[in-house]
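Okay, so here's the structure we're looking at.
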Amino acid sequence: MSALLNAPQREAIYYLDGPCLVLAGAGSGKTRVITHKIAHLINGCGISANNIGAITFTNKAAKEMQERVAHLMGGRAPGGLTVCTFHALGVRIIRQEALHCGLKKQFSILDASDTVQIVSDVASEGDKGIAKQMQWQISSWKNAMIPPEEAVKLADNELSFAAAKVFGEYERTLRAYQAVDFDDLISLPVHLFETNDEVRERWQNRLRYLLVDEYQDTNRAQYRLLRQLCGVRGAFTAVGDDDQAIYAWRGADVENLRLLQKDYPKLRVIKLEQNYRSSRRILEAANTVISHNEKLFEKTLWSEHGPGEQIAVTNCRDAEHEAEWVAMKITAHKFEARTRFKDYAILYRGNHQARIIEQQLRNQRIPYVMSGGQSFFDRAEIRDLLSYLRLLLNPDDDLAFIRSLTTPRRGIGPSTIEALGRYSASRHVGLFAAMFEEGASVHLTPKQLEGLREFGDFINRIQYRAQREPAGQVLEDLLLAIRYEAWLFEHCGTREAESKWSNVRDFVGWLTRKGEEDGKNLLELTQTIALISMLDKEDPDFDGVQLATLHASKGLEFPHVFLIGVEEGMLPHQSSIDEDKVDEERRLMYVGITRAQRSLNITYCERRKMGKESRVCEPSRFIAEMGGDIKMNDRKAAAPVTKEEGKARLANLMAMLESRDKNGAG
DNA sequence: GCACAGATGATTTTT
DNA sequence: TCATCTGTGC
């Protein structure tokens, strides 16, 4: 990438006279604009780093941005600069203004499974699937800043009616636990700013210039937070791309782009249309596909790169065939082009499509890495440990109390917890506080009480130490005291226990490191953990083919991309076709195409297994929408390959590859 | 009535 | 893969 900035990039960086929207096409250098603008604000305009905030959606993006700012400014990020996610900013605001939010500073942050648990409890809904859907509905309302009273009026089906009925109680339960969910991290600050001028002005003075990444992904609540923070001054730069808005289903509202123009009539709109990533044929296909969508802002990507290879579309018999072909093609291409495995990505619509690909890659000895997957902090063993940390921080957190009380088992069963629960409800205090009250002895047997208080004393002792001693040591002692390792091996198979214990070790190691780096104690660390989903320990040196969903691939780029399962019903997905939401699927296709730098291979299956039957599939409409400059690769025209022949060819290829690598290395 | 093995079948999931 | 469903054996 050239070190020079192009004209629109410069314009975006130096424009400071008012609100600014940068429409940054795929691969047009948007992160560069944001980081250079931060540097310019500090070095060129004399604005203190303390007064600048750069807001992203993911921790990964925040981290990358911080690193790039540091790099720009001579290796060290300026102290006081705020580069964080929306939710991390929310945590900071709530922590500082806790009293105004009706919370204590040590509030708990609940994750998805905690909130489903609460909905399920409040609604007396045994079915976790239904509770999940109800929680989803409540979350959507909260993202749109719709309070329970309004939600009751808006409910229009059985599920949303049930959700509306428990919404209020759900909110009260959260407050009773001194807890917030992810949505509260945005909506509580919004509510605070909208009702308290003094607090709002304080924060407006604190963050005098805001930069927002991936603006098209903001939801209503996030937009209102930005608006409150910016006030009428409108000192902000929002960077986004409406063509890459693929999170509408999660509450992101592209309408926020229109709102920006409406709410800030002086908004300066700057388009970044020069693409530095892909060859011309790939860009043209992307442009042609996306031109089928109605657009708010017209934008056409162009590139100084050469035309590059033709995009190839290959038909496959079924998913297995497809996986086999992709794996084979990668091996062959790698051999010819002398590339690395990490130069390739296989992208797909749904996670389940990865399974069959993985199988083939393993068969053909191709190393791979999968992005996404379930979050590290969602694992049972990590959540077990986390429940202790949460309880140490916030004794009102009843969910954490119950989980840590019962994991590992301490001979305290449901009847004891139920009795304690009845008493605590009558006293309007948390479970932890309730068991130390005199009155508890009326509802609980002396033996029950003894067990509970022993646990309570244990927690109190650890809590005392957690405030003073380094995180690592306290955690090690806690694990020993609850005999967690032994419990794992008693409860699971050896292999499973080993893997779980190793995860726990990773977690402890991570916390210890964090504690030392930031000089924070265990309690201070706990709150930030909830906002992290992945432990950033991915090895950048590992050479493997990247597997990712189209959603997870946003923001990444690869020399060679395979886009698989490009069929009607798959991409666009059937439910999107049914609900008339093909636009978003088209943007997904656009995101997929624009990940590719040099070559793009698209495959589709002619049949796909649906239960026992195998249904005939049509190639996706998006293939036709890419225009004519495509190489159609008809596999049926080629000589049929039997399994044996295929294996023999593969063995041949592998042998060639191995001998070449040996020679090359020696 | 329950625990468990085996089958089944699937949107996407930044915090 | 993983969560959920189904049928079996006690």
Rounded to whole Å, how long is the line connecting atom [atom1] of [X] with atom [atom2] of [N]?
X        : N      : atom1 : atom2 : result
A/Arg349 : B/dT11 : CZ    : P     : 10 Å
A/Trp249 : B/dT14 : CH2   : C1'   : 9 Å
A/Arg608 : B/dG9  : CZ    : P     : 15 Å
A/His551 : B/dT11 : NE2   : P     : 13 Å
A/Met370 : B/dT13 : CE    : P     : 10 Å
A/Tyr247 : B/dT15 : OH    : C1'   : 11 Å
A/Ile246 : B/dT14 : CD1   : C1'   : 10 Å
A/Arg379 : C/dT1  : CZ    : P     : 12 Å

With sequence neighbours excluded, tell me which residues meet salt bridge (charged side-chain N to carboxylate O under 4.0 Å, His left out) with A/Lys514.
-> none

Touch check for A/Asp183, heavy atoms < 4.0 angstrom, all strands: base, sugar-phosphate only, or nothing?
-> nothing

When rounded to the nearest Å, what value does the distance between C1' atoms of C/dT6 and B/dT11 take?
-> 25 Å

Does a side-chain N or O of [X] approach OP1 or OP2 of [N] to a distance below 4.0 Å, or not?
X        : N      : answer
A/Thr549 : B/dT13 : yes
A/Asn143 : B/dT15 : no
A/Asn59  : B/dT15 : yes

Aromatic rings A/Phe167 and A/Trp141: how do their planes relate, parallel, tilted or perpendicular, breaks at 30° and 60°?
-> parallel

Would you indicate which nucleotide in [options] comes nearest to any side-chain atom of [X]?
X        : options                : value
A/Leu531 : B/dT15, B/dT11, B/dT14 : B/dT15
A/Lys132 : C/dT4, B/dT11, B/dT14  : C/dT4
A/His352 : C/dT1, B/dT15, B/dA10  : B/dA10

Please list, chain by chain and in numerical order, all residues satisfying ring pair (Phe, Tyr, Trp, His ring centres under 6.0 Å) with A/Phe86, sequence neighbours excluded.
-> A/Phe57

Checking only heavy atoms, does the side chain of A/Arg250 share a donor-acceptor pair with the base of B/dT15 at less than 3.5 Å?
-> yes

A/His87 and A/Thr85: CA distance, side-chain angles, deciding distance, side chain to side chain donor-acceptor pair (under 3.5 Å) verdict | CA-CA 5 Å; A/His87 292 84; A/Thr85 63; 5.0 Å; no

What do you reckon, is NZ of A/Lys105 surrounded by more than 12 foreign heavy atoms closer than 6.0 Å?
-> no

